[in-house]
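Encoded as structure tokens, the structure appears first; notes follow it.
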Amino acid sequence: MKATYDLERKLVEVVTKMEFVGICIDAKLRNQCKVELESLRDELLQQISTFTTGDFNINSTKDLSGLLFGTLGITPKIEKSNNSGNYPVDKIHLLKLVEQHEIIPFILKYRKVCALLKFCTQLEKVNPVTNRLHTQFNQIGTDTGRFSSSKPNLQNIPNPKSKNPDDRLLTIEGEFRQMFIPKNGWLFVCADYSQIELRIMAHYSQDPFLLKAYELNQDLHKLTASQIYNVKFDQVTDQQRNIAKSINFGLIYGKTAYGLAPDLTRITGNHHTHEEAQKIIDAYFEKLPAVKNCLNSFIDQADNLGYSETYLGRRRPIPQLASNKTSEREAGKRIAMNTPIQGTAADIIKMAMVKCDDAIKKEGLKAKLLLTVHDELLFEAPKSEQQEMEQLVRENMENAAKLLVQLKVDLKTGNNWAEVH
DNA sequence: CTTCTCACG
DNA sequence: ACGTACGTGAGAAGG
């Protein structure tokens, strides 16, 4: 508890500086995107309007449900309508209806365009005096110890993984992180922890398989796949690796067979039952029993104490574990499995922030920490400080905590936030 | 004030 | 029998 308190107290000054310094936005690119998105939106509204009658509101889930399953006669793919008598019209459900009606892709695209337009609006909140965007970092804003960011939230800027120059919308989406730029003559130095939550799991579980994989710097997901499927490392297919990856990340949240089955269906393109998913999960825990034990001990601990605890002793009460409703207790168990992992990752990056800030001060550098995004730190530095900063950031992040496995950071330098990812 | 939807790690 | 992966913020709609 004291360690957490001391850390948070030192961090206050670092956070204050981040908020005060702010970050440059490329207004020209932002405005360009906005114009293009607005015309896209209007085209889509036009196309959608050919299917509607009367005063239809596309943003109303009630109106949309009525249009799709009433006027247009689409058959819902699920049995039950929700409490308000409407069928769900979220992306997952709409995707299942694309075969049934030509309007579906228009709606999905319209939603995407609207979401991106909201980001444009958020990025217009630059301060007229500094000409920079100043977010608020809520230092103790979450139950796990992570930061949250608001007004505007800079922790949920689009970050598309795939690229396709022919897909205009995907291209625009990729331009949002290009809008974040260093000041004239400076550079961004961006560092993110590689698989920090899985490394923390390796540390807590002391699972020999995980420890060895990280010690030898191996491809963990591929290695996991070779274990689950009982095949040689070199014979693992991309699909098997993707499934293993899905389990590796899912285990941190207490994922169940019912959650894994849709993942399997998505990855393979064939339908998979939860029984199949359960077999894969069983195979996983059979090969990594220490992970299973670790997750169970997280639950037992939280059950006995009434709270979960992180590396630094940060506590989170979990009253759900005492509920007399099974579903709430199950939810409590998942929280108890996840909190020590997610919360420890938060402890570590917070320690790294203080260390980096101290080191910059000590070396008399001009570089500034601008953003913190869960497992990533973004700095702005004069070109002359590039090499020293790259070394300083890596050193201080990788040595922020001493775990049984090495912490590893991926680091890039560049001229906008997209470039350093 | 809550629900839905959608963006991020 | 229950519901099924954790943690956030924002805007629109609906009650």
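The figures that follow rest on heavy atoms only: side chains count, while hydrogens, waters and symmetry mates do not. All of these numbers come straight from a predicted model, not from anything done at the bench. Numbered from 1 within each chain, the chains take letters A, B, ... in sequence-line order.
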Return the value, rounded to whole Å, for the distance between atom CG of A/N138 and atom P of C/dG7. 16 Å
Let's see if you get this right: which residues in residues 167-179 of chain A place a heavy atom under 4.0 Å from DNA chain C? none
Side chains of A/N230 and A/K287: do they bring a donor and an acceptor to under 3.5 Å? yes
Between A/Q301 and A/S308, a side-chain donor and acceptor under 3.5 Å: no
salt_bridge(A/K333, A/D303) N-O dist < 4.0 Å: no
For B/dC1 and C/dA5, measure between their P atoms and round to the nearest Å. 30 Å
Name the nucleic acid region contacted by A/N324, choosing base, sugar-phosphate or nothing; use a 4.0 angstrom heavy-atom cut-off, strictly under. nothing
Within the 6.0 Å centroid threshold, strictly below: A/F298 and A/Y204: yes
Side-chain atoms of residues 335-342 of chain A: list all donor-acceptor pairs with protein atoms under 3.5 Å, sequence neighbours left out, distances to 0.1 Å.
{"from": "A/N338", "atom 1": "OD1", "to": "A/Q342", "atom 2": "NE2", "distance (Å)": "3.2"}
{"from": "A/N338", "atom 1": "ND2", "to": "A/I252", "atom 2": "O", "distance (Å)": "3.2"}
{"from": "A/T339", "atom 1": "OG1", "to": "A/R316", "atom 2": "NH1", "distance (Å)": "3.1"}
{"from": "A/T339", "atom 1": "OG1", "to": "A/I335", "atom 2": "O", "distance (Å)": "2.8"}
{"from": "A/Q342", "atom 1": "OE1", "to": "A/T144", "atom 2": "OG1", "distance (Å)": "3.0"}
{"from": "A/Q342", "atom 1": "OE1", "to": "A/R146", "atom 2": "NE", "distance (Å)": "3.4"}

Could you tell me the separation between the NZ atom of A/K255 and the P atom of C/dG3, rounded to a whole number of Å? 20 Å
How would you label the contact of A/D143 with the nucleic acid (heavy atoms, under 4.0 Å): base, sugar-phosphate, or nothing? sugar-phosphate
Between A/T144 and C/dG7, does any side-chain N or O lie under 4.0 Å from OP1 or OP2? no
Check this for me: A/D238, atom CG, are more than 12 non-hydrogen atoms of other residues, nucleotides or ligands nearer than 6.0 Å? no
Is the number of heavy atoms from other residues, nucleotides or ligands under 6.0 Å of A/I92 CD1 greater than 12? no
Please convert DNA chain C into dot-bracket. A pair counts if it is Watson-Crick or G-U wobble with both distances under 3.5 Å; crossing pairs go in [ ] and bases paired with another strand get |. .....|||||||||.
What residues form a salt bridge (charged side-chain N to carboxylate O under 4.0 Å, His left out) with A/K34, not counting sequence neighbours? A/E124
Could you give the distance separating B/dC4 and C/dT4 at their P atoms, to the nearest angstrom? 13 Å
For A/K368, enumerate each residue passing the salt bridge (charged side-chain N to carboxylate O under 4.0 Å, His left out) test, keeping only those at least two apart in sequence or located in another chain. none
Using atom CZ of A/R146 as one end and atom P of C/dT8 as the other, report the distance to the nearest whole Å. 9 Å
The contact string for nucleotides 10-15 of chain C, one letter per nucleotide 5' to 3', using protein heavy atoms under 4.0 Å with B, S and - for base, sugar-phosphate only and none, comes out as SSSSS-
With sequence neighbours left out, the residues meeting ring pair (Phe, Tyr, Trp, His ring centres under 6.0 Å) with A/Y193 are none
State which residues pass ring pair (Phe, Tyr, Trp, His ring centres under 6.0 Å) with A/F188; sequence neighbours excluded, sorted by chain then number. none
Ring centres within less than 5.5 Å and planes less than 30° apart: is that true of A/Y258 and C/dT4 in this structure? yes
Starting from C1' on B/dT5, measure out to CG on A/L108 and report it in whole angstrom. 12 Å
If you compare every side-chain N and O of A/T256 against the phosphate oxygens of C/dA5 (OP1, OP2), does one of them come in below 4.0 Å? yes
Under 4.5 Å between any side-chain heavy atoms of A/N59 and A/Y110, yes or no? yes
Pair listing, side-chain hydrogen bond (donor to acceptor under 3.5 Å, both in side chains) test, anchored in residues 244-261 of chain A, at least two apart: A/H221-A/N248, A/T224-A/N248, A/S246-A/D263, A/N248-A/Y284, A/K255-A/D263, A/Y258-A/H274
Whole-Å distance separating the NE2 atom of A/H421 from the C1' atom of B/dC8: 10 Å
Whole angstrom value for the distance that separates P of B/dC6 from CD1 of A/I58: 11 Å
If you measure from CD1 on A/I348 to NZ on A/K355, what distance do you get to the nearest 0.5 Å? 11.5 Å
Non-neighbouring partners of A/E328 that pass salt bridge (charged side-chain N to carboxylate O under 4.0 Å, His left out), sequence neighbours left out: A/K325
Mind checking A/F119 for me? I need base, sugar-phosphate or nothing, with any heavy atom below 4.0 Å counting as a touch. sugar-phosphate
Close residues, residues 285-320 of chain A, relative to DNA chain C [heavy-atom separation under 4.0 Å]: A/R316
Contacts to DNA chain B from residues 325-348 of chain A, heavy-atom cutoff under 4.0 Å, which residues? A/Q342
Ion pair check, A/E419 and A/K412, cut-off under 4.0 Å: no
Measure CD1/A/I247 against P/C/dT4 and give the value in whole Å, please. 20 Å
Take atom CG of A/D375 and atom C1' of C/dC6, then tell me their distance rounded to the nearest Å. 14 Å
Please report the shortest heavy-atom distance between A/V393 and A/A191, naming the atom on each side. CG1-CB, 3.7 Å
When all nucleic acid strands are considered with a 4.0 Å heavy-atom cut-off, which category describes A/G250: base, sugar-phosphate, or nothing? base
